[in-house]
Amino acid sequence: MKTIVPLFLILVEAAFLSGCKTADIPVAATTLKDAYRDDFRVGVAINRAQIFGDDQRGVSIIKSQFDSISPENVLKWESVHPEPGQYDFTAADRYVEFGESNHMYIIGHTLVWHSQTPAWVFQDDQGKPATRDVLLARLRDHILTVVGRYKGRIQGWDVVNEALNENGTLRNSPWRKIIGDDYIEKAFQFAHEADPRAKLHYNDFSLENEPKRKGAIALIKRLKAEGIPVDCVGLQDHTKLDWPTPHQLDRTISDFAKLGVKVMITELDVDVIPKTQHNRTAEVSQNSQKVAGADAYAAGLPEAKQMELARRYAELFRVYVRHRADITRVTLWGVTDADSWLNKAGRVNYPLLFDRAGQPKPAFQAVLGQATRPPGNRPCPDPSVSAMMP
Ligand code: GLA
């Protein structure tokens with residue numbers, strides 16, 4: 001059978017060759033998953049068009065570059081369990097089949113979250129708040145049904161998503177209001193009951209900020225002390241060009257590793273749009289409003305910003321690689337810039353490693369350049385990028 005080499009791999013190869021001495025020439029076109037095979041898995045969040053094969057360009061990037069997948073939306077409560085007693089696994093089944101047929105580490109995302117969960121979950125027949133017992137029974141049914149369906153096939157679950165406020169206290173979500181603080185313990189117990197071998201994660205954003213990090217550390221300590229099976233903390237890492245600092249990131253990963261949990265970078269992207277009131281955090285409720293400055297780069301990303309983005313990715317991966325003993329996976333939240341949630345509300349954003357045409361950006365080469373590789377097989381980063389790196 002004839003092997004078709006995607007155009008972007010040829011370009012990456014050409015970029016490497018143009019800047020490498022003969023001894024540095026990579027033996028084969030380097031991909032993210034190959035470059036990082038000694039460090040951690042490199043994953044990507046995939047959307048419906050990719051799951052169903054409508055976006056073939058995206059599919060070919062996913063297959064060639066990544067060895068783990070996360071479902072951008074198809075496993076959220078509103079997607080799999082839209083009505084009481086009604087489950088729809090059409091897209092989720094295809095997602096898991098895609099991962100299996102490509103030998104990928106498959107992530108389940110997410111079981112308990114305050115967002116993308118239908119209102120009926122928290123209500124009784126009259127539309128009044130459900131009781132603790134009713135909500136706990138719904139939670140158990142949901143988790144046993146969803147996790148149980150993919151037992152032994154989905155290797156890791158983001159069990160609880162975003163339970164903390166910025167000041168480190170527990171978010172007063174409907175889960176907490178109705179069940180109480182122990183909804184978190186219960187969710188982990190139900191997930192463990194459904195698939196005792198699956199790795200279970202607590203996932204959140206902005207954990208690099210000290211007050212929130214302290215809250216997360218207290219939460220993980222509490223769960224561990226109670227014997228709750230929590231294996232991993234997911235740092236979403238919806239980052240900016242200047243946040244978090246490498247120091248904050250370094251400290252955060254070390255702090256969690258000390259607690260005896262692994263760390264995963266679960267939703268990495270870099271928002272390049274200049275700061276506005278509405279894009280300071282990854283708080284999803286703040287992302288629907290159109291704001292001034294959001295379309296600053298509607299005509300394209302200036303070259304200087306492109307390089308700044310590449311340097312930023314290099315800086316982030318440098319920290320991740322330093323912590324490769326504690327980090328098991330780094331997942332990008334989307335394949336190309338066109339796929340990113342950060343384009344919402346009039347923004348034209350450039351947060352990922354592949355551009356809108358599916359071509360690798362300088363940031364892609366900058367990321368490759370940070371990997372630990374066996375001697376003689378290390379990719380040589382594009383000199384135009386490496387020259388500008390700190
Ligand atoms: C959070 C969720 C993700 C995704 C992003 C934004 O980070 O965990 O599933 O919804 O928000 O889209």
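In this chain, residues are counted from 1 in sequence order. When a ligand or atom number is given, it counts from 1 through the structure's own listing order.
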Heavy atoms only, cut-off 4.0 Å: how does Phe205 contact ligand 1, side chain, backbone, both, or neither? neither
When you look for heavy atoms under 4.0 Å from ligand 1, do you find them on the side chain of Asn161, its backbone, both, or neither? side chain
Taking the six-membered ring of Phe205, is NZ or CZ of Lys212 closer than 6.0 Å to its centre and within 45° of its axis? yes
Cation-pi geometry met for Arg356 and Tyr350 (6.0 Å, 45°): yes
Got a salt bridge between Arg153 and Glu100, using NZ or NE/NH1/NH2 to carboxylate O under 4.0 Å? yes
Is it true that Asp141 and Arg138 have a side-chain N and a carboxylate O under 4.0 angstrom from each other? no
Whether His81 and His142 hold their rings parallel, tilted or perpendicular, with breakpoints at 30° and 60°: parallel
Atoms in ligand 1 flagged as close to [X], the criterion being non-hydrogen separation under 4.0 Å:
X      : answer
Gln116 : 10 (O)
Trp341 : 6 (C), 12 (O)
His109 : 2 (C), 3 (C), 8 (O), 9 (O)
Glu162 : 1 (C), 7 (O), 8 (O)
Lys76  : 3 (C), 4 (C), 9 (O), 10 (O)

Polar contact flag for Trp113 and ligand 1 (N/O pairs, less than 3.5 Å): no
Using distance alone, determine whether Asn203 and ligand 1 share an N or O pair under 3.5 Å. no
Out of Tyr313, Phe317, Phe354, which residue meets the ring-ring contact (aromatic ring centres under 6.0 Å, His included) rule with Phe364? Phe354
Looking at non-hydrogen atoms alone, which of Lys344, Glu267, His238 comes nearest to atom 8 (O) of ligand 1? Glu267
Residue pair Arg347 / Asn343, side-chain donor-acceptor N/O under 3.5 Å: no
